[in-house]
Each structure stands twice: as structure tokens, then as C-alpha cells.
Amino acid sequence: MARVNERGMIGPVEIRVPPDPSLSKVLRLAASGVASLAGYTVDEIDDIKIAVSEVLIALIEHGRGESIDVQFVVDSHTFTVRGRTPMEGFDVNDPDLQLCRTVLEGVCADHGIDQVDSNAQIWATVEHLSI
Amino acid sequence: MARVNERGMIGPVEIRVPPDPSLSKVLRLAASGVASLAGYTVDEIDDIKIAVSEVLIALIEHGRGESIDVQFVVDSHTFTVRGRTPMEGFDVNDPDLQLCRTVLEGVCADHGIDQVDSNAQIWATVEHLSI
Amino acid sequence: MTETGSPDSLTVEVGAHGELVVTGDIDIAGGPILDSAITDREEHGPVVIDVAAVSFIDSSGLRSLLGAARRARGRDEVVALRNVGAEVARLLEITGTTEQFEISAASDPSPAGSGESADSDGAGE
Amino acid sequence: MTETGSPDSLTVEVGAHGELVVTGDIDIAGGPILDSAITDREEHGPVVIDVAAVSFIDSSGLRSLLGAARRARGRDEVVALRNVGAEVARLLEITGTTEQFEISAASDPSPAGSGESADSDGAGE
Ligand SMILES: Nc1ncnc2c1ncn2[C@@H]1O[C@H](COP(=O)(O)OP(=O)(O)O)[C@@H](O)[C@H]1O
Ligand SMILES: Nc1ncnc2c1ncn2[C@@H]1O[C@H](COP(=O)(O)OP(=O)(O)O)[C@@H](O)[C@H]1O
């Protein structure tokens with residue numbers, strides 16, 4: 001089965017949603033499905049679900065109410081969720097983002113919160129420890 | 001909670017994936033999540049999962065191997081899945097599509113398989129019977 | 001906890017009586033896995049498939065089963081589906097293909113499987 | 001079968017001893033539901049929240065709990081979290097906020113909830 005391509009990747013899976021809080025769960029479900037296909041452990045999938053949720057929180061609470069783009073890029077070592085939404089003057093030092101950041105530090109190997117062109121962008125990477 | 005907007009809609013949720021068979025399950029998961037949020041019954045969600053799967057089958061087996069776009073448009077009465085992939089000369093009468101069509105007739109209120117511009121397009125609508 | 005996720009959405013094992021025990025989703029990813037398990041099995045006599053733990057089936061999964069049924073007819077045999085649950089029964093019915101198999105429902109007093117459709121999601125949510 | 005899906009990913013009920021029994025995901029959608037249930041409850045004395053059936057929590061859910069803890073301190077009270085499972089414990093630990101609550105773990109011999117984290121997916125897969 002050509003599930004994982006030559007470079008050991010699944011996806012990318014790109015999802016565009018309106019900034020509707022209830023869709024956070026749908027994105028966690030989709031991320032869980034992708035990570036499960038890629039052989040991630042239950043604990044890693046729990047971390048991925050939190051990472052996806054934090055990305056959504058930051059973009060829904062700080063974005064302009066337009067659509068949010070979320071991307072899952074997965075290989076046998078890392079699961080990266082990237083999110084972005086159109087917005088000018090995203091204050092990456094906003095104290096409201098601090099709790100998100102602390103949580104991402106706890107569950108992710110690496111993450112970033114940036115203003116890029118006219119988008120707020122957030123990404124987070126969870127590692128898969130092959131046994 | 002502003003889960004369902006003024007027009008009683010969730011989404012649209014737009015998903016772009018490579019034509020990887022294993023992602024069919026991820027799309028079913030996402031569709032199930034959206035339909036569950038919208039209050040669809042378990043039986044209706046089973047039909048939606050089949051509809052999503054049939055859309056993927058047709059596009060993965062007949063497309064050109066480029067990306068597939070899938071869209072869920074949901075309100076309190078109907079769940080519509082639309083899919084498309086770049087392709088010229090899509091033979092909508094291909095006998096291979098007949099089994100898909102029969103299944104879609106069984107689980108959906110309505111569906112369509114078309115060539116539109118340079119895309120193969122398939123859509124299917126499952127109805128929500130409010131009680 | 002360190003259980004791994006289930007990277008395959010479908011697994012096929014050979015049961016105690018030579019039947020194929022299918023677990024998971026028979027979809028466009030799982031169909032080919034089932035296909036090759038069935039063709040391996042055909043050398044050993046009539047094919048019996050326990051679908052108790054099949055949680056989903058679509059037309060590409062059905063095509064695998066119909067292909068097996070067609071090949072079986074060529075050998076004057078019939079493919080038996082055991083512990084057929086709601087999902088499989090529904091798809092056979094919709095497509096008018098129930099008669100191509102020897103069917104026993106999940107509730108029939110027959111070689112018992114788990115008797116229940118497993119939630120084989122494995123997606124942790 | 002005609003059960004409906006669960007349109008709300010979070011439900012809050014008041015238990016037999018006045019505790020809030022939370023079921024589902026405390027996320028950016030569920031947080032506000034929990035918030036208003038907590039503020040309603042605060043008039044009746046110290047807030048006790050049974051989180052046995054909480055299957056997911058993120059920073060927006062945690063903010064609801066921290067807000068309740070802060071308001072409780074203002075009244076010289078403390079918010080009690082009962083039947084704290086792995087998900088909630090992990091987030092409290094990561095964020096160093098465990099000490100803001102009176103915690104009893106799922107295994108503690110305490111007013112028993114369902115004792116198990118429910119899979120509240122409801123998504124049928
Ligand atoms: N930071 C991001 N967050 C979410 N989605 C992204 C992000 N970057 C790219 N994408 C997705 O990738 C697709 C390609 O975007 P593009 O800007 O052309 O690529 P990139 O930013 O990767 O160079 C877009 O459709 C978008 O959905
Ligand atoms: N038939 C379809 N199948 C899948 N996705 C679609 C379809 N039509 C539109 N989309 C999605 O909707 C978005 C808008 O596409 P566009 O062609 O501008 O709109 P439309 O076709 O609805 O007029 C695209 O990003 C695409 O993902």
C-alpha cells in the first residue's frame with residue numbers, strides 16, 4: 001500500500017475552516033487520524049491533539065474572523081501542524097498567548113508564533129520516538 | 001456558542017489531500033466530526049462516511065495523481081460532500097464508476113458525477129431528518 | 001502508555017478453522033490488503049470470511065468481495081461471509097449483491113467471532 | 001438506531017452533592033460552557049468539579065479552571081477537582097498550576113464518579 005510515500009511522508013493534509021471554535025474538535029480528529037496512520041503512539045497523539053488545539057486557540061482568538069488554514073505535515077519522525085490566518089500587526093508578545101506558549105513548550109519538540117507577511121502563523125512539531 | 005452560524009451552517013470545511021488511499025479514513029473521521037457537531041444521527045453519519053468514501057474512490061482511481069479537494073457543506077437539513085481533482089476527459093460513463101453510483105444512490109438523497117472545466121467533480125448530499 | 005497507533009486501517013488474520021478474520025475498514029486502502037489475503041487463501045479451498053470486526057465497507061471493499069465471489073463460482077464454490085453486521089449487510093443490500101454470498105448474520109448461532117463491530121479507529125479521540 | 005449525535009462537545013451537569021460533572025472536551029468551544037456553569041455554581045459555595053469524564057483539555061479549558069481558582073481565592077475558598085485523569089493532570093503539570101486546585105486523582109478513594117475517561121467522540125468512527 002502506497003500509504004507512506006518515498007520520503008516516508010503522509011499528506012500534506014491542508015484544511016481551511018472558518019474560525020468556529022467547535023471545529024477545533026474536527027481538526028483534532030483529523031490530526032489523530034493522520035498520526036495514527038503514521039504509527040504514532042497514543043501518548044504522542046495526545047500531544048498532537050493538544051498542539052492542534054493550541055494553534056486553533058491562538059488563531060481564532062487573535063485572527064480577523066476570516067478563514068484559518070491548517071496544514072499537517074507528517075513523516076516517520078515528526079508531526080508538524082502549521083496554522084495561519086490573515087491579520088496585520090499580530091502581537092506575538094500578547095500576554096494572552098503566554099499560556100498557549102507554555103503548553104506548546106510542554107507537548108512539542110519545537111514551535112513558533114510569528115507574523116509573516118499579512119498572516120499570523122503558528123507551527124508546532126511533535127516528535128515520534130521510533131522504538 | 002456560535003457553533004452554527006446565522007444560516008444554520010457549519011463550515012464549509014475544505015480539505016486538500018494527495019490521492020493517498022489511506023487518507024480516505026481521515027476524511028471520514030473529519031466528516032463524522034462535522035456531522036456529529038451538526039446533530040446528525042448515527043445512521044446518517046454512517047451514510048455520510050460511505051458518501052465521502054465513494055467520492056474519494058472515484059477521484060483517486062480516475063484522477064491524474066494530483067491533489068484532491070474535498071469540501072463539506074453542512075446545515076441542519078443536508079450534509080453535502082463535494083470533491084474534485086484536475087483531469088481532462090473524465091468519462092462519467094466509465095463502467096468502473098457504476099458501483100460507486102449505485103452505492104451513492106443507496107445512501108444519498110442526491111448526487112452527481114461531472115466533468116467541469118478541467119476537473120472531475122463529484123458531489124453527494126445526505127439528508128438530516130429532524131425529529 | 002506506549003501502545004502504538006494502528007497504522008493499517010485493515011488487518012486480516014487466518015482463524016482457527018482457516019477462515020479469514022477481517023478487522024477494520026474495507027475501503028480503498030484496505031481493499032487491496034483483503035484482495036491479496038483472499039487470493040492467498042483460495043488455494044486452500046472455499047473461502048470463509050469473518051466480518052464481525054469490520055467497522056466500515058465501501059464500494060472498493062465490496063469489489064474485493066465480489067471478485068472473490070466471481071472466482072469462487074468459477075471453481076463451483078461460494079464465498080461465505082460470517083457474522084455479517086449492519087454495515088456489510090447494508091452495502092450488500094443497496095447493491096443487490098447479497099445473493100452472491102453465503103451469509104450468516106452476527107446473531108446467527110454460528111462459529112462465534114467477537115460478535116461486535118470493533119471501534120477500530122485507533123485515532124485516540 | 002436513531003440516537004442523535006452529540007452536538008455539544010462538552011456537557012456540564014450538577015451531581016448529587018452539588019458538584020459539577022463535566023463530560024467531554026474542555027477546549028475553545030467547551031471552555032465558555034464550563035465558565036458559565038462555574039459562575040452559576042459559585043453562589044452556592046465552594047466549587048467542586050468532577051473531571052472523570054473529561055477526555056481532552058487545552059489552554060482555553062485550563063483558563064476556565066484558573067479563572068474559577070482565582071475567584072475562589074478572592075472568597076477564601078479553593079476549587080476542588082475530583083477524579084483527575086491523565087489528560088487534566090498533564091496539562092496542570094506542564095503549566096505548573098496543579099497547586100491552584102485541591103486535587104484528587106481518579107484512583108483516590110473519594111466520591112466516585114464513573115471513574116473512567118469517556119470516549120465522548122460521538123463521531124461514529
Ligand atoms: N503556515 C501555514 N499554515 C497553514 N497552512 C499553510 C501554511 N503555509 C502554507 N499552508 C498551506 O499550504 C498551501 C500552500 O501555501 P503556500 O503559501 O503556497 O506555501 P508555503 O507557505 O508552504 O510556501 C496553502 O494552500 C495553505 O493551505
Ligand atoms: N467541487 C468541489 N469539490 C471540492 N472542493 C471544492 C469544490 N468546489 C469548490 N471547492 C473548494 O472551494 C474553494 C473555492 O473554490 P472556487 O472554485 O473558488 O469555488 P466554487 O467552485 O465553489 O465556486 C476551493 O478552495 C475548493 O477547495
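Letters A, B, ... are given to chains in the order of the sequence lines, protein chains preceding strands, and every chain is numbered from 1.
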### Message
Does atom CD (C/E93) have a neighbourhood of more than 12 heavy atoms from anything else shown, all under 6.0 Å?
### Response
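No - once you tally the heavy atoms of other residues, nucleotides and ligands closer than 6.0 Å, there are 12 at most.
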### Query
Should we count CD of C/E13 as having more than 12 external heavy atoms under 6.0 Å?
no
Side-chain contact test, heavy atoms from C-beta onward, threshold under 4.5 Å: evaluate it for [X] versus [Y] and give yes or no.
X     : Y     : result
B/L56 : C/D27 : no
B/I50 : C/F56 : yes
B/K49 : C/D25 : no

Looking at every heavy atom in both [X] and [Y], which two are closest together, and how far apart are they?
X     : Y     : answer
C/I28 : B/S24 : CG2-CB, 3.9 Å
C/S59 : B/L99 : O-CD2, 3.6 Å
B/K25 : C/S9  : CD-CB, 3.9 Å

#### Entry: Identified side chain to side chain contact (heavy atoms under 4.5 Å, CB included) partner of C/L91 from the options B/V103, B/V107, B/T102
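The side chain to side chain contact (heavy atoms under 4.5 Å, CB included) with C/L91 is passed solely by B/V103 among B/V103, B/V107, B/T102.
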#### Entry: Heavy-atom contact with chain B under 4.5 Å, split by part of C/I57
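Backbone only.
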From [X] atom [atom1] to [Y] atom [atom2], the distance as rounded to the nearest 0.5 Å:
X     : Y      : atom1 : atom2 : value
B/D47 : C/I94  : CG    : CD1   : 7.0 Å
C/L10 : B/S22  : CG    : OG    : 12.5 Å
C/T95 : B/R101 : OG1   : CZ    : 15.5 Å
C/S55 : B/R28  : OG    : CZ    : 8.0 Å

### Task
Give a yes or no on whether a salt bridge exists between B/D96 and C/R63, defined as a side-chain N under 4.0 angstrom from a carboxylate O.
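Answer for the salt bridge query: no.
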